Asker: 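Please find one structure pasted underneath; my questions will follow.
Given the structure is predicted, the values throughout are model-derived calculations rather than measurements. Chain identifiers are assigned alphabetically (A, B, ...) following the order of the sequence lines, protein sequences preceding nucleic acid strands; residue numbering begins at 1 within each chain.
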There are 2 protein chains.
Amino acid sequence: MRGPVPTLRDVAERAGVSPTTVSRVINASGFVSREARAAIRQAIDELGYVPSASARGLASRHTAMVGLCLPVVDADTDLADRSDRRPPPRVPGLPGAETVPVVVDTDPEAIISWGGMYFGEVVRGAEFAAWEAGLAITVAMTRAPDLEARVLNMAGRVDGMVVVSGTLPDDLLEHVARRVPVVILTGLGPESAHDRVTVRNAEGVERLVEHLLTDHGITSLEYVAAPEGTPDDEERFRGFCRALTRAGIEAPAAPRLRGDWERGRGREIARGLVDGLGRGGTLPGALVCCNDNTALGLLDVFAAHGVRVPEDVVVTGFDGVEAARTSAPPLTTVEQPMAELGRAAVEVLTARIAAPARRAATTSLPVTVVLRGSCGAHPPVGVDGRAGEDPA
Amino acid sequence: MRGPVPTLRDVAERAGVSPTTVSRVINASGFVSREARAAIRQAIDELGYVPSASARGLASRHTAMVGLCLPVVDADTDLADRSDRRPPPRVPGLPGAETVPVVVDTDPEAIISWGGMYFGEVVRGAEFAAWEAGLAITVAMTRAPDLEARVLNMAGRVDGMVVVSGTLPDDLLEHVARRVPVVILTGLGPESAHDRVTVRNAEGVERLVEHLLTDHGITSLEYVAAPEGTPDDEERFRGFCRALTRAGIEAPAAPRLRGDWERGRGREIARGLVDGLGRGGTLPGALVCCNDNTALGLLDVFAAHGVRVPEDVVVTGFDGVEAARTSAPPLTTVEQPMAELGRAAVEVLTARIAAPARRAATTSLPVTVVLRGSCGAHPPVGVDGRAGEDPA
DNA sequence: TTGTACGCGTTATCAG
DNA sequence: CTGATAACGCGTACAA
């Protein structure tokens, strides 16, 4: 089954031309006579010839492929867990319908996979941009065992890589970057000297806080930060302060509340706040969080302890993850254009591949403030609404 | 910037050994002395050496990469549309916060991208399985212009391909299959002679209908099918009939209602039903749809016309797309394990690559019936519930 | 418009 | 444990 695969040489012989001519029709380069072209086309079909990318890459010194390094997401553990056990039965037809489990869906907020669909969207955008540029794309999550070997392996098979910030150790990143151009995609970590694609973090938060200030009349706000030293978070905090300052409110020098991007830590922070309440403390008018996960964690605990959102305290996030739309209450947030991020990253990368010498630049994509229940959602004057399709 | 890239030869020279020895440490094959290994490691680091996948592939005659062909999804048009216009401004720092749009999110059912997150999950599972097998993965959506060239290009750079059924013309598929093993992933279309991965379509619907019959006491059911000649749909209809027959109810020879997998067509069908109602017609007790999209279309129109679900009619779907959880009412459905589908497909593929001669087989993954509001959700005795995490 | 000849960077084979 | 040597399949100057 599937004997020795035909090569360009075989096609050439069968069509009665030289290998060069075959190469010409495959690559649509140079001029080839009608007859030659037809004969070659036919030979290709009859032989079932497919050009070897390896040979092409070796000869041409580029692979026409870009790589995408994504962080491992929570949902990954689902798959990994199942690897330990025996795989589920997959034999067709044996068990009947009585073996099909029936469950009642009691948790409308169950985890949505792949980072709240975050990275799925990045991949989609990246694949699109690669397609437009005529490139193939390879994707990998940067899992711990063998990280280095696997990443270098990818580096060896691409013309350039998009790396989500913070997913690779610095030395590995630099090793890779010595070989191929690298574009850093927003996230955590202070890499530099590479092209970078982010969103307007500061402007997004600034606008959101402005809304809280102006349209809701809230005057006491607190920023819930990420761990120190993460650029995106710092920018968001900067936007927070800017809005306050412009409103004549004194901005803190540093965030007084700090999480770690995760929902669990958000819950802990909320517990601390609730405890403080019991000891006679008071809640700020609004808690502006560094991301949605953290904000969702706050909502979890507030709901459990009877703290009403937005009546007792307004809560906002950043990202626009799926879960933020169905939380109770739905979360007001700053939405990032994830697919556009993936797309822009690959576009920047292809530009860099074309012009390796140009100096590195940072690209910031626009964001959107999305008002939902967690802030009370008074639309500011002149705001856009999002219309649903009319089904009738 | 980035001069001639170092090769294995350079590493060998610098380490004072032969290329063969370097190859040995890179591939962890054969035995190499401590000193040699150390010298080579160091040379690799100093030179920033990265092995060329092209050269490796050419010499070893395999690429250690698998390909995944996905259908184009609706959301793709978003990206494509934007390609016509000028790209959005991406210069950093220029516009301020006042340019950030603020919108009120009025449509909690807005389309979720990438096929209701369907294919994102497939990619995630496939990437995981590839990773476990030590393989890289490349992904492509099968877009129209240049389909053939691009698909053959992929075929030329992988050791095997997973193709979502119905995404490739038959002749193209066979061309590809002459070169590398192919696994067909459930969907539309009657390909054969290749390995195939699906879900227990019939059993899933059978169990669901059983629930409707037994726990809800519904006796008049109608199946809303997909276009004729799609195997998955036919299996689902078979399960539908089987459940009826077993309950002593006469099953129709063929579906009386037919959509096209899409929400829009679901709406049209519902309009037909509603019109019939006006002319003295009557609604069945339940409408069992071939997929969630179709069912969601029905819900749209029923809601708009005051037909109460589940009081006036029960509606169910198949797939378990994200939108089915947040529809009004939430949709009872048969959930497919999308990530597991991607994973299984790649596992089957690697098995096939290892044993090319074995005869083709079909693998069916288990499904889960998920009860939600659109059927009234009476849990049958002994049913599992899905617990949410306790935030307090 | 077509063909010749060489080399791309690595692995596999075989001999030390 | 180590090293020669010969492919691997294609692109690309260069010549015709």
Asker: Rounded to the nearest Å, what distance is computed from the CZ atom of residue A/R56 to the P atom of nucleotide D/dG11?
Answerer: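 So the two atoms are 5 Å apart, to the nearest Å.
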Asker: Take A/R143 and B/E127, measure what salt bridge (Lys or Arg N to Asp or Glu O under 4.0 Å) needs, and give me the verdict at the end.
Answerer: CA-CA 11 Å; A/R143 296 189 189 80; B/E127 190 275 342; 2.5 Å; yes
Asker: Using a cut-off of less than 4.0 Å, is there contact between a side-chain N or O of A/S23 and OP1 or OP2 of D/dG11?
Answerer: yes
Asker: Using atom CD of B/E13 as one end and atom P of D/dA4 as the other, report the distance to the nearest whole Å.
Answerer: 12 Å
Asker: Within the structure shown, what part of the strands sits under 4.0 Å from A/V17 by heavy-atom distance: base, sugar-phosphate, or nothing?
Answerer: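 Sugar-phosphate, no base atom in range.
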Asker: Rounded to whole angstrom units, what separation is found between the CG atom of A/D10 and the P atom of D/dC10?
Answerer: 9 Å
Asker: Whole Å only: how far is the CZ atom of A/F31 from the P atom of C/dT2?
Answerer: 12 Å
Asker: Is A/T142 close to A/L70 at the side-chain level, that is, under 4.5 Å between some pair of heavy atoms?
Answerer: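 Not touching, per the 4.5 Å side-chain cut-off.
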Asker: For A/L58 and D/dT12, what is the distance between atoms CG and P respectively, to the nearest whole Å?
Answerer: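 Those two atoms, CG and P, are 12 Å apart.
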Asker: OP1 or OP2 of D/dG3 versus the side-chain N and O atoms of B/T21: is any pair under 4.0 Å?
Answerer: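 Result: yes.
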Asker: Kindly determine whether B/E132 and B/R343 satisfy salt bridge (Lys or Arg N to Asp or Glu O under 4.0 Å), including the steps that lead there.
Answerer: CA-CA 10 Å; B/E132 281 200 312; B/R343 187 223 279 248; 3.8 Å; yes
Asker: Starting the side chain at C-beta, find the nucleotide from D/dA13, C/dT11, D/dG11 nearest to B/N27.
Answerer: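 Between D/dA13, C/dT11, D/dG11, the one nearest the side chain of B/N27 would be C/dT11.
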Asker: What is the separation between atom CG on A/L152 and atom P on C/dT10, rounded to the nearest whole Å?
Answerer: 13 Å
Asker: Atom CD1 of B/I44 to atom P of C/dT10: distance rounded to whole Å?
Answerer: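 The answer, rounded to whole Å, is 10 Å.
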Asker: A/S33 side chain N/O closer than 4.0 Å to the phosphate oxygens (OP1, OP2) of C/dT2?
Answerer: yes
Asker: Can a side chain N or O of B/T7 be found less than 4.0 Å away from OP1 or OP2 on C/dC8?
Answerer: no
Asker: Counting distance alone, no hydrogens or angles: does the base of D/dT2 have a donor or acceptor under 3.5 Å from a partner atom on the side chain of B/R24?
Answerer: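 Indeed, a donor on one side and an acceptor on the other fall under 3.5 Å apart.
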Asker: Please evaluate residues B/E121 and B/R124 with respect to the criterion salt bridge (Lys or Arg N to Asp or Glu O under 4.0 Å), reporting the C-alpha separation (whole Å), side-chain torsions for both, the decisive distance (0.1 Å), and the verdict.
Answerer: CA-CA 5 Å; B/E121 283 298 273; B/R124 198 172 66 87; 3.1 Å; yes
Asker: From C-beta outward on B/T20, which listed nucleotide comes closest to its side chain: C/dG9, D/dA4, C/dA5?
Answerer: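 Between C/dG9, D/dA4, C/dA5, the one nearest the side chain of B/T20 would be D/dA4.
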Asker: Would you say A/T186 and A/V197 make side-chain contact, with heavy atoms under 4.5 Å?
Answerer: no
Asker: Among C/dT2, D/dT2, D/dG11, which is the nearest nucleotide to the side chain of A/A59?
Answerer: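 Closest of the options to the side chain of A/A59: D/dG11.
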Asker: Regarding B/P19, tell me which of base, sugar-phosphate or nothing describes its non-hydrogen contacts under 4.0 Å with the strands shown.
Answerer: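 It contacts nothing in the nucleic acid.
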Asker: Please answer whether the main-chain N or O of A/W131 pairs with a side-chain N or O of B/R150 as donor and acceptor at a distance below 3.5 Å.
Answerer: yes
Asker: For B/R61 and for B/E35, locate the closest nucleotide of DNA chain D by heavy-atom distance; then report the residue assigned to the nucleotide nearer the 5' terminus.
Answerer: B/E35
Asker: Please tell me if A/R9 has a side-chain N or O lying less than 4.0 Å from either OP1 or OP2 of D/dG9.
Answerer: no
Asker: Is the distance from OP1 or OP2 of C/dT11 to the nearest side-chain N or O of B/S60 less than 4.0 Å?
Answerer: no
Asker: B/I40 CD1 to D/dC1 C1': how many Å, rounded?
Answerer: 12 Å
